[in-house]
Chemist: 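Next up is a structure, given as structure tokens.
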Amino acid sequence: MQSTFFTSVLLPLALAVVMLGMGLSLAPDDFQRITRYPRAVAVGTACQVVLLPLLGALITLVVPMQPALAVGLIVLAVCPGGPSSNLITYLAKGDVALSVTLTAVSSIITVFTIPLFANLALQHFLGESAAITLPMGSTIVQIFLITLLPTGIGMAFRRQWPNTARRLEKQMSRLAVGLLALIIVLLVIREGSRLPGFLVQVGIGVVLLNLLATLTGFLTAKLFRLPLPQQICCAIEVGIQNGTLAITITAGLLNNPDMAVPAAVYSLLMYVTGFGAILYGRQAIGSAAVVKC
């Protein structure tokens with residue numbers, strides 16, 4: 001399972017368009033509030049960088065799987081949240097500004113932690129080590145182009161033409177739902193013939209990683225008494241990983257397509273959890289708004 005034109009170009013491009021729509025709903029004050037409440041950023045980052053790799057390692061020890069697949073699962077677990085997490089947070093009415101911030105912070109940190117954890121996994125499961133060095137410059141540029149730049153353009157548009165931005169925001173929300181559905185359909189079509197075999201190999205481990213990571217993010221945020229939108233954001237940001245990056249590392253840098261299987265399966269299944277988070281977030285936020293009224 002190697003990275004294709006769809007995963008490396010079309011999918012990031014579609015998500016960048018959606019990020020533009022998210023920017024229309026944000027104002028600079030949203031990010032200023034985060035700097036005044038750094039606890040949310042600290043909690044979310046700690047869950048992604050510390051708890052998630054430990055969770056991935058635990059799953060590989062409990063769920064029987066081939067050594068190459070176990071390494072692939074570890075690599076997936078140590079990848080940062082991708083732009084998909086920003087999109088799902090937006091649709092679930094979570095804290096989008098926090099989501100974008102966590103994605104940016106974790107993407108920078110994991111440039112250094114991915115090689116460390118990946119080499120430990122290689123040594124443990126395969127008895128070998130590989131020199132993995134993610135190109136920091138291109139990784140940061142990728143995250144910038146897909147998330148920060150379109151979000152910034154949307155925010156600038158809102159600042160200049162606030163009334164138009166508010167009208168466009170509703171249209172972009174519908175477009176976001178449509179694009180998310182299209183992404184799922186295209187992924188299923190692209191991997192339909194190989195999906196049953198993939199599910200048999202790593203289905204249980206991938207589902208556990210997705211569900212337990214989401215639950216870990218949510219409960220940790222609740223433990224630290226973060227507001228509900230930030231709880232939803234942490235659950236999604238910790239639960240949704242950058243599968244495209246994991247495929248690039250395993251199939252590209254490590255040149256081992258078998259290791260990319262967990263990320264391929266995960267890239268399909270994570271949207272099921274994502275839809276569940278969207279439904280929960282919209283219902284919970286709506287109920288909270290009614291109670292306040």
Chemist: Please find the pair of heavy atoms, one from Leu102 and one from Ala40, that lie closest to each other, and give the distance.
Modeler: CD2-O, 4.4 Å

Chemist: Quick one: does Thr60's side chain get under 4.5 Å of Phe125's, heavy atoms only?
Modeler: yes

Chemist: Does Leu149 belong to the same Ile/Leu/Val/Met/Phe/Trp/Tyr cluster as Val100, with side-chain heavy atoms less than 4.5 Å apart forming each link?
Modeler: yes

Chemist: Identify, with sequence neighbours excluded, every residue that meets side chain to side chain donor-acceptor pair (under 3.5 Å) alongside Arg167.
Modeler: Thr164

Chemist: Just verifying a value: how many Å separate Met259 CE and Gln66 CD, rounded to the nearest 0.5 Å?
Modeler: 11.0 Å

Chemist: In terms of hydrophobic clusters joined by side-chain contacts under 4.5 Å, are Leu211 and Ile59 together?
Modeler: yes

Chemist: With a cut-off of 6.0 Å (strictly less than), are more than 12 heavy atoms of other residues, nucleotides or ligands near CG of Leu208?
Modeler: yes

Chemist: Within this structure, what is the CG-CG distance for the pair Leu73 and Leu209, rounded to the nearest 0.5 Å?
Modeler: 5.5 Å

Chemist: Any heavy-atom pair between the side chains of Met270 and Thr273 that's under 4.5 Å?
Modeler: no

Chemist: How close do Ala246 and Thr250 get, heavy atom to heavy atom, and via which atoms?
Modeler: O-OG1, 2.7 Å

Chemist: Just by modelled atom types, is the Gln241 backbone N or O under 3.5 Å from a matching donor or acceptor in the Tyr266 side chain?
Modeler: yes

Chemist: Can you tell me how far the CG atom of Asn242 sits from the OG atom of Ser106, to the nearest 0.5 Å?
Modeler: 9.0 Å

Chemist: Is it the case that the side chain of Asn210 and the backbone of Gly239 share a donor-acceptor pair, with hydrogens and angles ignored and the cut-off at 3.5 Å?
Modeler: yes

Chemist: Closest heavy-atom contact between Leu52 and Ala213?
Modeler: CD1-CB, 3.4 Å

Chemist: Hey, what do you get for CZ (Phe218) to CG (Leu226), rounding to the nearest 0.5 Å?
Modeler: 10.5 Å

Chemist: Just how far is it from atom CZ of Phe224 to atom OG1 of Thr220, taken to the nearest 0.5 Å?
Modeler: 7.5 Å

Chemist: Report yes or no: do Phe112 and Val49 belong to one cluster of Ile/Leu/Val/Met/Phe/Trp/Tyr joined by side chain heavy-atom distances under 4.5 Å?
Modeler: no

Chemist: Checking Thr45 side chain against Ala42 main chain: does a donor-acceptor pair fall under 3.5 Å?
Modeler: no

Chemist: Under the rule for side chain to side chain donor-acceptor pair (under 3.5 Å), what residues qualify as partners of Arg159, not counting sequence neighbours?
Modeler: none

Chemist: Would you say the side-chain atoms of Arg158 pair up with the backbone N or O of Gly23, donor to acceptor, closer than 3.5 Å?
Modeler: no

Chemist: Tell me the closest heavy-atom pair linking Pro80 and Ile114, and the distance in Å.
Modeler: CD-CD1, 4.3 Å

Chemist: Which heavy atom of Pro262 sits nearest a heavy atom of Leu76, and at what distance?
Modeler: O-CD2, 4.0 Å

Chemist: Please assess Thr214 against Ile236 for the test side-chain contact (heavy atoms from CB on, under 4.5 Å), listing each intermediate value before the final yes or no.
Modeler: CA-CA 6 Å; Thr214 302; Ile236 295 171; 5.9 Å; no

Chemist: Under 4.5 Å between any side-chain heavy atoms of Asn86 and Thr89, yes or no?
Modeler: no

Chemist: Residues two or more places apart in sequence or in another chain: which of them pass side chain to side chain donor-acceptor pair (under 3.5 Å) with Glu237?
Modeler: Ser85, Ser99, Thr103

Chemist: Nearest 0.5 Å please: distance from the OH atom of Tyr271 over to the CD1 atom of Ile240.
Modeler: 8.0 Å

Chemist: On a heavy-atom basis, which atom in Val75 and which in Ala118 lie closest, and how many Å separate them?
Modeler: CG2-CB, 4.1 Å

Chemist: Side-chain contact test, heavy atoms from C-beta onward, threshold under 4.5 Å: evaluate it for Ile285 versus Pro229 and give yes or no.
Modeler: yes

Chemist: Look at the side-chain heavy atoms of Ile, Leu, Val, Met, Phe, Trp and Tyr, link any pair under 4.5 Å apart, and say whether Val63 and Leu212 land in one connected group.
Modeler: yes

Chemist: Same cluster or not: Val206 versus Met65, using hydrophobic residues (I, L, V, M, F, W, Y) connected whenever any side-chain heavy atoms lie under 4.5 Å apart?
Modeler: yes

Chemist: Contact between Val78 and Thr110 at the side-chain level, heavy atoms closer than 4.5 Å - yes or no?
Modeler: no

